[in-house]
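Have a look at the structure below before the remarks.
Atoms considered below: every heavy atom in the structure, side chains included; atoms not considered: hydrogens, waters and symmetry mates. Counting starts at 1 for both ligands and their atoms, following the listed order.
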Amino acid sequence: MKILVTGGAGFIGSAVVRQALRAGHEVVNLDVLTYAANLENVASVSNAPGYAFEQADIRDRAALDRIFADHRPDAVMHLAAESHVDRSIDGPGAFIETNITGTYNLLEAARAYWTRAGKPEGFRFHHISTDEVFGSLGEDGQFTEETPYDPRSPYSASKAASDHLVRAWHETYGLPVVMTNCSNNYGPFHFPEKLVPVVILKALSGQPIPVYGDGGNVRDWLYVEDHADALLCVLEKGQLGRSYNIGGENEAKNIDLVRTICAHMDDLHPEGAPHARLITFVADRPGHDRRYAIDPTRIREELGWRPSVTVEEGLRRTVEWYLANEDWWRPLLDRDGVGKRLGNG
Ligand SMILES: NC(=O)c1ccc[n+]([C@@H]2O[C@H](COP(=O)([O-])OP(=O)(O)OC[C@H]3O[C@@H](n4cnc5c(N)ncnc54)[C@H](O)[C@@H]3O)[C@@H](O)[C@H]2O)c1
């Protein structure tokens with residue numbers, strides 16, 4: 001397939017780009033290159049046959065029309081988004097514009113292209129979303145694909161809105177869509193404002209490791225390469241109009257995750273051990289969802305997909321990667337807002 005990947009210079013999008021090319025697909029990477037983007041994430045494939053890059057904004061309908069006409073993709077995988085909850089608290093406008101209006105533009109550009117092409121049966125629009133649209137769980141239970149939407153941050157509300165648009169374009173216009181809602185990702189190339197790289201880099205530099213609230217917030221952690229694998233599986237085998245929850249089968253409290261990273265740091269970078277002494281509890285994020293958990297039954301039973309990496313193994317690989325790739329992360333620490341406390345209301 002020739003796949004148009006939006007947000008392919010970001011964390012998950014770049015994993016999808018690398019993996020899709022490895023699997024023999026062609027890829028057009030469409031990305032406007034915000035603060036969160038890095039073309040180094042796709043440097044390993046930038047000269048690969050079948051790879052093209054288009055710097056464009058999904059809010060720019062004319063640019064999207066031109067890209068569809070020039071490249072004639074068989075599928076769209078839509079990952080471009082503003083993705084950081086803390087930034088959505090300080091400045092929700094960009095989340096509304098990119099995640100909602102941008103998705104609307106992309107749907108309309110895809111619909112126009114698909115209609116002009118005679119509505120080919122094999123065309124797919126794959127919308128990539130988050131489990132955060134389902135809100136916050138108590139001690140028990142898991143999100144299924146039938147869980148009612150209950151987003152509670154500007155980020156998750158904007159992603160929920162985009163999910164609704166995609167469903168509506170399927171029901172109303174027959175656009176052949178598949179959708180996925182995924183839990184927290186971690187792994188190589190993760191922008192250093194998100195929890196896992198923050199912990200690794202603070203531990204490495206001997207600075208306080210900030211943990212929000214009491215550290216008891218629970219997330220289900222998925223290794224990013226596993227997520228990319230699941231996304232390609234849903235694109236190829238998912239049923240039209242259907243959504244699939246993707247999880248890592250790795251529920252952990254933030255504080256336990258942070259302690260595990262510190263233990264890997266003690267092992268792989270013994271200078272400064274024990275790194276857990278740097279853990280510092282800080283004021284919680286307003287509206288911080290307490291617990292997310294994914295029921296992965298649908299993707300497992302219908303598509304035969306399961307994660308391959310345990311959180312222990314994935315975190316170790318991730319720590320090793322950051323220790324070996326200072327050239328990648330060091331320049332990112334100077335980008336706007338990185339290292340500052342954002343979103344504390
Ligand atoms: N990170 C997670 O744990 C997670 C979990 C579930 C779902 N998701 C979803 O997966 C997708 C990718 O997440 P990520 O963590 O890789 O995000 P990211 O912030 O690392 O990357 C987003 C990419 O989108 C690009 N982008 C932003 N606005 C754009 C615009 N207007 N036009 C074109 N490109 C634009 C950025 O330049 C960047 O390269 C998002 O849709 C996110 O909601 C993320």
Side-chain angles (χ1 to χ4, degrees), residues 4-18 28-42 53-61 63-64 67 76-88 93-106 109 126-134 143 151 153-163 166 179-197 219-228 230-231 234 243-248 250 292 294 314 318 332 335 337-338:
L4 176 64
V5 177
T6 72
F11 168 50
I12 302 171
S14 66
V16 169
V17 167
R18 296 188 304 269
V28 181
N29 178 1
L30 184 166
D31 198 301
V32 76
L33 303 180
T34 67
Y35 81 93
N38 192 346
L39 283 176
E40 290 299 313
N41 299 2
V42 285
F53 176 69
E54 291 277 3
Q55 183 169 3
D57 194 322
I58 58 167
R59 292 168 296 184
D60 179 351
R61 173 67 195 275
L64 298 180
I67 290 166
V76 176
M77 295 179 82
H78 176 35
L79 296 103
E82 291 290 341
S83 71
H84 192 37
V85 177
D86 286 342
R87 288 185 191 255
S88 83
F95 290 71
I96 305 304
E97 287 172 16
T98 282
N99 298 0
I100 306 179
T101 309
T103 299
Y104 159 71
N105 265 323
L106 189 67
H126 181 175
H127 179 60
I128 285 85
S129 190
T130 167
D131 62 352
E132 301 189 28
V133 299
F134 299 120
F143 299 134
S153 75
Y155 164 67
S156 55
S158 68
K159 290 297 292 188
S162 69
D163 293 11
V166 174
M179 293 159 282
T180 48
N181 294 83
C182 184
S183 60
N184 279 44
N185 283 220
Y186 68 97
F189 302 103
H190 207 180
F191 192 75
E193 65 182 353
K194 302 281 173 77
L195 179 64
V196 170
R219 302 290 182 261
D220 174 5
W221 294 92
L222 177 66
Y223 192 60
V224 67
E225 301 288 339
D226 270 344
H227 188 194
L231 293 178
V234 171
S243 72
Y244 296 85
N245 284 355
I246 307 172
N250 280 310
Y292 305 139
I294 289 275
T318 306
L332 302 179
R335 292 204 181 170
V338 177

Check: What's the shortest heavy-atom distance between Asn41 and Arg18, and which atoms?
Finding: O-NH1, 3.0 Å

Check: Hey, does Asp57 come in under 3.5 Å of ligand 1, counting only N/O atoms on both sides?
Finding: yes

Check: For ligand 1, is any non-hydrogen atom under 4.0 Å from His84's backbone (N, CA, C, O), its side chain (CB onward), both, or neither?
Finding: neither

Next item on the list: Measure up the Phe143 and Phe134 rings against each other and bin them: parallel (under 30°), tilted (30 to 60°), perpendicular (over 60°).
Entry: tilted

Next item on the list: Identify, for atom 40 (C) of ligand 1, the protein heavy atom at the shortest distance, and state residue, atom and that distance.
Entry: Leu79 O, 3.2 Å

Next item on the list: Distance to 0.1 Å, residue and atom name: give those for the protein heavy atom nearest to atom 3 (O) of ligand 1.
Entry: Asn185 N, 2.9 Å

Next item on the list: Out of Ala81, Gly102, Gly13, indicate the one that has the non-hydrogen atom closest to atom 27 (C) of ligand 1.
Entry: Ala81

Next item on the list: Just do the side-chain contact (heavy atoms from CB on, under 4.5 Å) check on Leu30 and Leu4 with the steps written out, would you?
Entry: CA-CA 7 Å; Leu30 184 166; Leu4 176 64; 4.0 Å; yes

Check: Taking the six-membered ring for Trp, are Tyr223 and Tyr186 ring centroids under 6.0 Å apart?
Finding: yes

Notebook entry, point to check: Only one of Asn185, Thr318, Val16 forms a side-chain contact (heavy atoms from CB on, under 4.5 Å) with Val224, so which one is it?
Noted result: Asn185

Next item on the list: Find all atoms of ligand 1 within a distance of less than 4.0 Å from any non-hydrogen atom belonging to Ile128, and give their numbers and elements.
Entry: 10 (O), 41 (O)

Check: Looking at residues at least two apart in the chain, or sitting in another chain, which of them share a side-chain contact (heavy atoms from CB on, under 4.5 Å) with Phe53?
Finding: Asn29, Asp31, Leu33, Leu39, Tyr51, Gln55

Notebook entry, point to check: What residue and heavy atom of the protein are closest to atom 32 (N) of ligand 1, and at what distance?
Noted result: Ile58 N, 3.0 Å

Margin query: Only heavy atoms of Asn184, strictly under 4.0 Å: list the atoms of ligand 1 that pass.
Written below: 3 (O)

Next item on the list: Write out the residue and atom name of the closest protein heavy atom to atom 44 (C) of ligand 1, then the distance separating them to 0.1 Å.
Entry: Ile12 CD1, 3.4 Å

Check: Given Ala9, Ser83, Ser14, Ser156, which has its nearest heavy atom closest to atom 17 (O) of ligand 1?
Finding: Ser83

Notebook entry, point to check: What closest approach, in Å, do His227 and Leu222 show between heavy atoms, and which atom pair accounts for it?
Noted result: CB-CD2, 3.5 Å

Next item on the list: Please work out which of Ala94, Ser183, Gly10 has its closest non-hydrogen atom nearest to atom 21 (O) of ligand 1.
Entry: Gly10

Notebook entry, point to check: OH of Tyr35: more than 12 outside heavy atoms within 6.0 angstrom?
Noted result: yes

Check: Can you tell me which residue and heavy atom of the protein come closest to atom 34 (N) of ligand 1, and the distance to 0.1 Å?
Finding: Val32 N, 3.2 Å

Margin query: With a 4.0 Å cut-off on N to O distance, would you call Arg87 and Glu193 a salt bridge?
Written below: yes

Notebook entry, point to check: What protein heavy atom sits nearest atom 36 (C) of ligand 1, and how far away is it?
Noted result: Thr34 OG1, 3.3 Å

Margin query: Can you check which of Phe11, Trp221, Tyr292, Tyr155 brings a heavy atom nearest to atom 20 (O) of ligand 1?
Written below: Phe11

Notebook entry, point to check: Are a donor atom and an acceptor atom from the side chains of Ser83 and Lys194 found within less than 3.5 Å of each other?
Noted result: yes

Notebook entry, point to check: Would you say Lys159 and ligand 1 have an N/O pair spaced under 3.5 Å apart?
Noted result: yes

Next item on the list: Could you tell me the residue and atom name of the protein heavy atom closest to atom 38 (C) of ligand 1, and the distance to it rounded to 0.1 Å?
Entry: Asp31 OD2, 3.5 Å

Checklist line | Atom indices of ligand 1, in the order listed, that fall short of 4.0 Å to a heavy atom of Cys182 | finding: 5 (C), 6 (C)

Checklist line | Ala56 near ligand 1 by a heavy-atom separation under 4.0 Å | finding: yes

Item checked: Closest protein heavy atom to atom 28 (N) of ligand 1, given as residue, atom name and distance to 0.1 Å -> Thr98 CG2, 3.5 Å

Checklist line | Donor-acceptor contact present, side-chain Ser183 to main-chain Asp220, <3.5 Å | finding: yes

Check: At the 4.0 Å heavy-atom cut-off, does Leu33 count as touching ligand 1?
Finding: yes

Notebook entry, point to check: With distance as the sole test, does Lys159 use its side chain to make a donor-acceptor pair with the main-chain N or O of Ile100 at under 3.5 Å?
Noted result: no

Item checked: Atoms of ligand 1, numbered as shown, that sit under 4.0 Å from any heavy atom of Ser129 -> 6 (C), 7 (C)

Item checked: Asn250 side chain to Gly248 backbone, donor-acceptor under 3.5 Å -> yes

Notebook entry, point to check: What are the atoms of ligand 1, with element, lying closer than 4.0 Å to any heavy atom of Ala36?
Noted result: 19 (O)

